[in-house]
> 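Sharing a structure here in structure tokens format.
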Amino acid sequence: MPAFLDDITPFYGNREKNEDGLSLPEFLEGYDPNHYQNPSVTADILVFQYEKDFTLDRGLKLLMIKRKNHPGIGYWALPGGFVNLRENIEDAAKRELKEETGLDHIAVEQLYCWGDWKRDPRTRIVTISYLAMIEEGQTIQAGDDAADAIWMNVSMKKNSEKTYRDEIKGKERCSKIYQVDLKNEERGLDFSLLVEVTENITGFLKEVKYQVIKGSQVAFDHPCFIVQALLQLK
């Protein structure tokens, strides 16, 4: 099939042929991207509205949308969606944000890659999360796949902490349980989420893992996204 890109000049390497005797154009002509099962990619965005001198306990609101379709229909989630084939992931995050909430021209920063294979019943999905921080007063309106879009007061506290030894890896690890409270008085919403965060105490690499303990009415593994973002802000 034809090359995915119009200009393949930067990819010639030293212009040798491969072990099958093929040049780059010949290799690409016979390359079948559907030969392997490929994961889909989505981009989700955490938009926080902040007050001056905010902390993790006060002064933050999180933008959330109510899902209009399966899976997780009727549950609350972060704005986001699938990345198009010829679209940068950051551009996809901004596009989905505009389509689902009306917010546009927002600065974003990449946070994390979520890649556990059991995240979604539709297919194998890898999600890149993004962070945005905006001041109060911007109008939002639900659209596209969102049945509703609201600001939720968000706060987080650490409920427990313990250390243990992972005998398989031979590492001392720490487990922390974080509680996230989401509230919107106008809609009568009040959720408490619990997420366990584990990481190495010893060694160079932390190997941080996130696990939803209690998701309430928040879809997918988005409680993990929220905790990871709040810890990043801290």
Side-chain angles (χ1 to χ4, degrees), residues 40-50 59-84 87-114 116 119-123 125-156 180-195 210 212 214-230 232-233:
S40 297
V41 179
T42 61
D44 291 344
I45 185 165
L46 297 104
V47 182
F48 290 98
Q49 192 179 86
Y50 65 93
L60 279 176
K61 294 181 180 179
L62 176 63
L63 178 59
M64 301 197 76
I65 59 102
K66 191 172 187 178
R67 288 188 57 79
K68 188 188 293 186
N69 203 354
H70 301 294
I73 189 170
Y75 271 27
W76 295 91
L78 301 168
F82 287 93
V83 179
N84 294 325
E87 181 179 39
N88 293 330
I89 301 177
E90 180 179 307
D91 294 337
K94 293 179 178 181
R95 171 182 56 77
E96 288 286 347
L97 179 65
K98 181 179 180 181
E99 291 174 357
E100 294 185 341
T101 72
L103 282 179
D104 198 8
H105 306 298
I106 302 296
V108 304
E109 183 174 305
Q110 187 179 127
L111 276 180
Y112 202 76
C113 177
W114 303 90
D116 288 353
R119 300 182 56 248
D120 196 298
R122 291 170 291 186
T123 186
I125 293 179
V126 175
T127 299
I128 310 300
S129 60
Y130 286 83
L131 171 69
M133 302 288 292
I134 66 174
E135 296 180 352
E136 292 184 301
Q138 301 209 39
T139 303
I140 58 173
Q141 183 171 350
D144 195 35
D145 293 331
D148 198 359
I150 62 172
W151 292 104
M152 287 192 177
N153 291 302
V154 57
S155 61
M156 184 175 76
V180 175
D181 294 314
L182 296 169
K183 298 180 181 180
N184 182 291
E185 293 184 0
E186 183 180 346
R187 299 290 202 284
L189 301 174
D190 189 349
F191 306 145
S192 286
L193 316 174
L194 293 177
V195 172
Y210 300 86
V212 178
K214 177 185 175 184
S216 297
Q217 296 181 45
V218 176
F220 305 109
D221 50 356
H222 287 185
C224 295
F225 290 35
I226 298 170
V227 168
Q228 193 274 336
L230 290 172
Q232 183 79 2
L233 289 178

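Being a predicted model, the structure only gives us computed values, none of them experimental.
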> Begin with the C-alpha distance, continue with both residues' side-chain angles, and end with the deciding distance and a verdict on side chain to side chain contact (heavy atoms under 4.5 Å, CB included) for Leu233 and Leu131.
CA-CA 10 Å; Leu233 289 178; Leu131 171 69; 3.9 Å; yes
> Please check if atom CD in Gln110 has more than 12 non-hydrogen atoms from other residues, nucleotides or ligands closer than 6.0 Å.
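Correct, the count exceeds 12.
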> Does some side-chain heavy atom of Glu99 sit less than 4.5 Å from a side-chain heavy atom of Glu96?
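Glu96 reaches Glu99 side chain to side chain.
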> Can you confirm whether more than 12 heavy atoms, excluding those of Lys68, are under 6.0 Å from its NZ atom?
yes
> Locate the shortest heavy-atom distance separating Leu103 from Gln138; write the atom from each residue and the value.
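Nearest pair, atom of Leu103 first, then Gln138: CD2-OE1, 3.7 Å.
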> To the nearest 0.5 Å, tell me how far Ile150 CD1 sits from Leu189 CG.
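Separation between the atoms: 5.0 Å.
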> Quick one: do Val83 and Ile128 satisfy side chain to side chain contact (heavy atoms under 4.5 Å, CB included)? Show the steps, please.
CA-CA 10 Å; Val83 179; Ile128 310 300; over 6 Å; no
> Does NZ belonging to Lys94 count more than 12 external heavy atoms closer than 6.0 Å?
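Check passes, neighbour count above 12.
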> Indicate the atoms forming the closest heavy-atom contact of Thr101 with Pro79, along with that distance.
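For Thr101 versus Pro79, the nearest heavy atoms are CG2-CG, 4.0 Å.
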> Please find the pair of heavy atoms, one from Leu193 and one from Pro223, that lie closest to each other, and give the distance.
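Closest heavy-atom pair between Leu193 and Pro223: CD1-CB, 4.0 Å.
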> For Ala149 versus Ala142, what's the shortest heavy-atom pair and its separation?
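In this case the closest contact between Ala149 and Ala142 is N-CB, 3.6 Å.
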> Could you tell me the separation between the CZ atom of Phe191 and the NZ atom of Lys214, rounded to the nearest 0.5 Å?
10.5 Å
> Indicate the atoms forming the closest heavy-atom contact of Trp151 with Phe48, along with that distance.
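Shortest heavy-atom separation between Trp151 and Phe48 comes out as CZ3-C, 4.3 Å.
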> Which atom names give the shortest non-hydrogen contact between Tyr130 and Ile89, and what distance separates them?
OH-CG2, 3.5 Å
> Would you say that more than 12 heavy atoms from the other residues, nucleotides or ligands in this model lie under 6.0 Å from the CD of Glu136, or not?
yes
> Evaluate side chain to side chain contact (heavy atoms under 4.5 Å, CB included) for Leu97 paired with Leu63, printing each intermediate quantity in order.
CA-CA 10 Å; Leu97 179 65; Leu63 178 59; 3.9 Å; yes
> Using 0.5 Å steps for rounding, measure from the CG atom of Asp120 to the CZ atom of Arg122.
4.0 Å
> Measuring from Leu78:CG to Glu100:CD, what's the distance to the nearest 0.5 Å?
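If we round to the nearest 0.5 Å, Leu78:CG and Glu100:CD are 10.0 Å apart.
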> I need the Leu182 CG to Met156 CE distance, nearest 0.5 Å.
11.5 Å
> Kindly indicate whether the side chain of Leu60, heavy atoms from C-beta on, has any atom under 4.5 Å from the side chain of Leu230.
yes
> List the steps and the verdict of side chain to side chain contact (heavy atoms under 4.5 Å, CB included) for Lys61 and Asn153.
CA-CA 4 Å; Lys61 294 181 180 179; Asn153 291 302; 3.3 Å; yes
> Looking at CD1 of Ile73 and CZ of Arg67, how far apart are the two atoms once the value is rounded to the nearest 0.5 Å?
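Ile73 CD1 to Arg67 CZ: 8.5 Å, rounded to 0.5 Å.
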> Please state whether the rings of Phe225 and Trp114 are parallel, tilted or perpendicular, taking 30° and 60° as the class boundaries.
parallel
> Please list all pairs passing the side-chain hydrogen bond (donor to acceptor under 3.5 Å, both in side chains) test where one or both residues lie in residues 217-229, with sequence neighbours left out.
Asp44-His222, Arg119-Asp221
